[in-house]
Amino acid sequence: MLIPHVVQTEADKIFVNVYNTDVALSDGDIVVWEGTSPDGVRVTQPAANTLNLLVGACDGAIGASAYGLAQSYGYKASVLISNDTSDTIDAGDVLIPVAAADHLKWSKTGTGLDGFFFAGQTYDTDTSAPVAALKKAFIKCM
């Protein structure tokens, strides 16, 4: 775990060292602890049975079978989030991981996955099929 020194002009952040056992990941992709051989380091993209094993969002690109950092706490300006054609995401809304994907989506409260990610900006409805984009968010996966 990496907790950088407090800098008055920057938001507090906490990172964890991770080993990507999946396909190459980009900055802002969502990762979970690997459930098949858990060791507190191996991560993968979320699956239906691992949604509650949230680690955080990748801090920079992490190649397949490579080490990198995931941000587990604090403000991040680039988290992969998708929206649909019927709901606007407002700052402060709850975001949850999507199974078999590398992004978050808006959630109604009470899903059991609440409290890990929150929107840091408004994200208008998409006019066509949902597309994931890098947006601001607050992470609390600790």
Side-chain angles (χ1 to χ4, degrees), residues 1-36 38 40-142:
M1 183 179 306
L2 301 171
I3 304 173
H5 292 288
V6 174
V7 177
Q8 289 182 337
T9 58
E10 295 180 19
D12 294 334
K13 299 174 185 178
I14 297 177
F15 302 92
V16 292
N17 183 46
V18 296
Y19 179 76
N20 176 19
T21 62
D22 205 349
V23 297
L25 299 167
S26 299
D27 183 45
D29 284 1
I30 304 306
V31 291
V32 297
W33 297 119
E34 185 183 79
T36 55
V41 179
R42 295 172 186 266
V43 296
T44 187
Q45 289 183 333
N49 62 333
T50 61
L51 294 177
N52 281 319
L53 298 175
L54 280 170
V55 174
C58 292
D59 186 58
I62 306 173
S65 301
Y67 286 92
L69 293 176
Q71 186 173 337
S72 289
Y73 179 85
Y75 167 80
K76 183 165 175 55
S78 55
V79 175
L80 202 56
I81 301 169
S82 69
N83 203 3
D84 62 26
T85 58
S86 60
D87 296 304
T88 296
I89 297 174
D90 292 319
D93 281 355
V94 173
L95 303 170
I96 60 171
V98 179
D102 55 0
H103 62 273
L104 301 169
K105 68 178 183 176
W106 178 80
S107 170
K108 295 179 181 176
T109 57
T111 63
L113 297 170
D114 302 345
F116 296 108
F117 287 91
F118 300 90
Q121 70 181 94
T122 298
Y123 186 3
D124 292 331
T125 57
D126 283 330
T127 56
S128 58
V131 176
L134 293 173
K135 300 291 181 179
K136 298 173 183 174
F138 188 82
I139 306 167
K140 291 192 335 182
C141 293
M142 297 295 299

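The distance from atom NZ of K105 to atom CD1 of I81, rounded to the nearest 0.5 Å, is 13.5 Å. The OH atom of Y75 sits 14.0 Å away from the CG atom of D12 when rounded to the nearest 0.5 Å. Distance CH2/W106 to CD1/I89: 8.5 Å, rounded to 0.5 Å. Annotation: the span from D93 atom CG to D90 atom CG amounts to 5.0 Å, rounded to 0.5 Å. Note that OG1 of T122 and NZ of K135 are 10.0 Å apart. Values are rounded to the nearest 0.5 Å. Atom CH2 in W33 sits 12.5 Å away from atom OG1 in T44 (nearest 0.5 Å).
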Let's go through I62 and D29 carefully: what are the C-alpha distance in whole Å and the side-chain angles of both, what is the deciding distance for side chain to side chain contact (heavy atoms under 4.5 Å, CB included) to 0.1 Å, and is it a yes or a no?
CA-CA 10 Å; I62 306 173; D29 284 1; over 6 Å; no

Apply side chain to side chain contact (heavy atoms under 4.5 Å, CB included) to F116 and K140, showing your working.
CA-CA 5 Å; F116 296 108; K140 291 192 335 182; 5.8 Å; no

May I have the step-by-step check of side chain to side chain contact (heavy atoms under 4.5 Å, CB included) for Q45 and L25, ending in yes or no?
CA-CA 9 Å; Q45 289 183 333; L25 299 167; 3.9 Å; yes

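Two residues are said to be in side-chain contact when any heavy atoms from C-beta on lie closer than 4.5 Å; T88 and Y123 fail this criterion. Contact of the S65 side chain with the Y19 side chain is registered, since non-hydrogen atoms from C-beta on lie closer than 4.5 Å. In this structure, Y67 and V41 have side chains that are in contact, with non-hydrogen atoms separated by less than 4.5 Å. Proximity of L2 to I14: side-chain heavy atoms (C-beta onward) are nowhere separated by under 4.5 Å. Residues D59 and K76 form a side-chain contact, since some pair of their non-hydrogen atoms from C-beta on lies under 4.5 Å apart.
Judged by distance alone, the side chain of Q121 and the main-chain N or O of K136 form a donor-acceptor pair under 3.5 Å. Without hydrogens or angle criteria, N20 side chain to G63 main chain gives a donor-acceptor distance under 3.5 Å. Between the N83 side chain and the D124 main chain, a donor and an acceptor come within less than 3.5 Å of each other.
Of all the heavy atoms in L54 and I30, the pair that sits closest is CD2-CG2, 3.8 Å. For the pair D27 and G60, the tightest heavy-atom approach, listed with the atom from each and the gap, is OD1-N, 2.8 Å. The heavy-atom pair separating S107 from I96 by the smallest distance is CB-CG2, 3.6 Å. For the pair E34 and T21, the tightest heavy-atom approach, listed with the atom from each and the gap, is OE2-OG1, 2.7 Å. Minimum heavy-atom separation, S26 to C58: O-CB, 3.4 Å. The two atoms that bring V43 and V55 nearest to each other are CG1-CG2, 3.8 Å, heavy atoms only.
With sequence neighbours left out, Y73 forms a ring-ring contact (aromatic ring centres under 6.0 Å, His included) with F138.
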